[in-house]
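The analysis underlying the following values was restricted to heavy atoms, covering all of them including side chains, and did not include hydrogens, waters or symmetry mates. Numbering of residues begins at 1 and proceeds along the displayed sequence.
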Amino acid sequence: MASLDLRDNLLGISWVDSGWVPILNPSNVLEYFSERSNPFYDRTCNNEVVKMQRLTLDHLNQMVGVEYILLHAQEPILYIIRKQQRQSPTQVIPLADYYIIAGVVYQAPDLGSVISSRVLSAVHGIQSAFDEAMSFCRYHPSKGYWWHFKDQEERERVKPKSKRKEEPSSLFQRQRVDTLLLDLRNKFPPTFYQPKPGEKPVPVEVKKEPEVPVETVKPPEERETKPPAPPGPPRPAPQTTPNKPPPEKRARLQ
């Protein structure tokens, strides 16, 4: 039975009368819903007027105001009751829906309440995530910001320290050895090679490069000597100018 202080928020409460559960059916489910202890039932509705005047529910179509009807029934577990505002025999406005599952009455939420609840749940989850993340944040003027996780420290303490495997050689050593092996292979090419494991080795055909002829230098005796050129006419001696004495200096007349 719901308490009176929870009637303002009907979406968060439920109501049940265990005495009615075994005998619920489509003919008496509205009577079960109109119990005085049910917080979802409005006692000012037309159903209460019809009940007090001992009339049938067919008279609700001739009245104006709030009424309750059985909208859907799926025996023996599910019943849906609608609260509506009747304005004429053919015109009604739905106000709320209630569903009864195994005798327990709930109010169906409207679209606005569903969206508001989902948004509130999402915001709460995001805020909780930010609060938890901020609890692991640390700051120091000399270091700046960093993350401090307690679980990570405990895992590192429990986790056994694995020994670092020592490499048999460094990258420089491997490259140096490969260079030396390639140099030796070029100097001393293999004479046999094995195509596949288990097969007979096959001799390697070595292509001989043609020899380049070497120029021979003849000795001085075998070198050809050119005959001396015949004597030509005598060349004239170069003319020389006689040495003249420097000119005499004459005295100037005043």
Side-chain angles (χ1 to χ4, degrees), residues 1-136 149-151 154:
M1 186 178 298
S3 58
L4 296 177
D5 56 346
L6 295 177
R7 289 186 179 182
D8 295 337
N9 186 13
L10 299 179
L11 295 176
I13 64 173
S14 62
W15 175 84
V16 62
D17 189 347
S18 57
W20 281 82
V21 175
I23 59 174
L24 274 180
N25 55 66
S27 60
N28 63 3
V29 66
L30 283 175
E31 187 178 355
Y32 169 66
F33 188 82
S34 62
E35 285 288 327
R36 291 185 176 275
S37 59
N38 183 9
F40 304 106
Y41 184 68
D42 186 2
R43 292 178 180 80
T44 62
C45 63
N46 294 337
N47 297 66
E48 194 70 16
V49 176
V50 171
K51 183 179 179 181
M52 294 176 61
Q53 296 180 1
R54 297 181 181 182
L55 302 175
T56 61
L57 295 178
D58 297 335
H59 290 79
L60 292 175
N61 297 333
Q62 307 300 326
M63 304 176 67
V64 176
V66 178
E67 64 183 24
Y68 294 90
I69 63 169
L70 179 61
L71 184 65
H72 176 74
Q74 184 178 345
E75 297 183 71
I77 190 170
L78 176 62
Y79 301 94
I80 299 178
I81 296 176
R82 171 165 289 180
K83 180 181 180 180
Q84 59 188 11
Q85 178 76 31
R86 180 170 293 277
Q87 297 180 350
S88 67
T90 59
Q91 186 178 5
V92 293
I93 300 175
L95 300 178
D97 288 337
Y98 306 92
Y99 55 95
I100 303 174
I101 300 178
V104 183
V105 182
Y106 305 91
Q107 180 175 349
D110 57 308
L111 182 60
S113 300
V114 173
I115 295 176
S116 176
S117 177
R118 296 297 176 87
V119 172
L120 184 61
S121 300
V123 171
H124 176 71
I126 295 173
Q127 184 64 36
S128 300
F130 274 110
D131 294 341
E132 186 174 0
M134 288 300 297
S135 64
F136 298 111
F149 299 101
K150 297 181 180 179
D151 297 342
E154 295 178 358

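- Residues Glu48 and Thr44 fail the side-chain proximity criterion, which asks for heavy atoms closer than 4.5 Å.
- The shortest distance between side-chain heavy atoms of Thr56 and Val50 does not fall below 4.5 Å.
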- [ ] Starting from the C-alpha separation in whole Å, work towards a yes-or-no answer on side-chain contact (heavy atoms from CB on, under 4.5 Å) for Trp20 and Glu31.
- [x] CA-CA 10 Å; Trp20 281 82; Glu31 187 178 355; 3.9 Å; yes
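- When all heavy atoms are compared, the tightest approach of Val21 to Gly103 is CG2-CA, 4.0 Å.
- Checked against the 6.0 Å centroid threshold, Trp15 and Phe33 do not count as a close aromatic pair.
- A heavy-atom distance below 4.5 Å is not found between the side chains of Ile23 and Tyr32.
- Contact check for Ile69 versus Leu57: no side-chain heavy atoms found under the 4.5 Å cut-off.
- Between Ala73 and Tyr79, the closest heavy-atom pair is CB-CD2, 3.8 Å.
- The OH atom of Tyr99 sits 12.5 Å away from the CD1 atom of Ile77 when rounded to the nearest 0.5 Å.
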Pairs of donor and acceptor atoms involving the side chains of residues 105-125, under 3.5 Å and at least two apart or interchain, shall be tabulated with distances.
{"residue": "Asp110", "atom": "OD1", "partner": "Ser113", "partner atom": "OG", "Å": "2.4"}
{"residue": "Ser121", "atom": "OG", "partner": "Ser117", "partner atom": "O", "Å": "2.9"}

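- Here the CG-CG distance, from Leu70 to Leu30, works out to 5.5 Å after rounding to the nearest 0.5 Å.
- In this structure, CD1 on Ile80 lies 8.5 Å from CD1 on Ile101, to the nearest 0.5 angstrom.
- Using modelled atom types, no side-chain atom of Asp58 and backbone atom of Asn61 make a donor-acceptor pair closer than 3.5 Å.
- Not counting sequence neighbours, the partners of Asp97 by the salt bridge (charged side-chain N to carboxylate O under 4.0 Å, His left out) test are Arg82.
- For residues 63-76, the set of pairs meeting the side-chain hydrogen bond (donor to acceptor under 3.5 Å, both in side chains) definition, not counting sequence neighbours, comprises Glu67-Gln84, Glu67-Arg86.
- In this structure, Val49 and Met63 approach most closely via the heavy-atom pair CG1-CE, 4.0 Å.
- Between the OG atom of Ser88 and the CD atom of Gln62 there is a distance of 10.5 Å, given to the nearest 0.5 Å.
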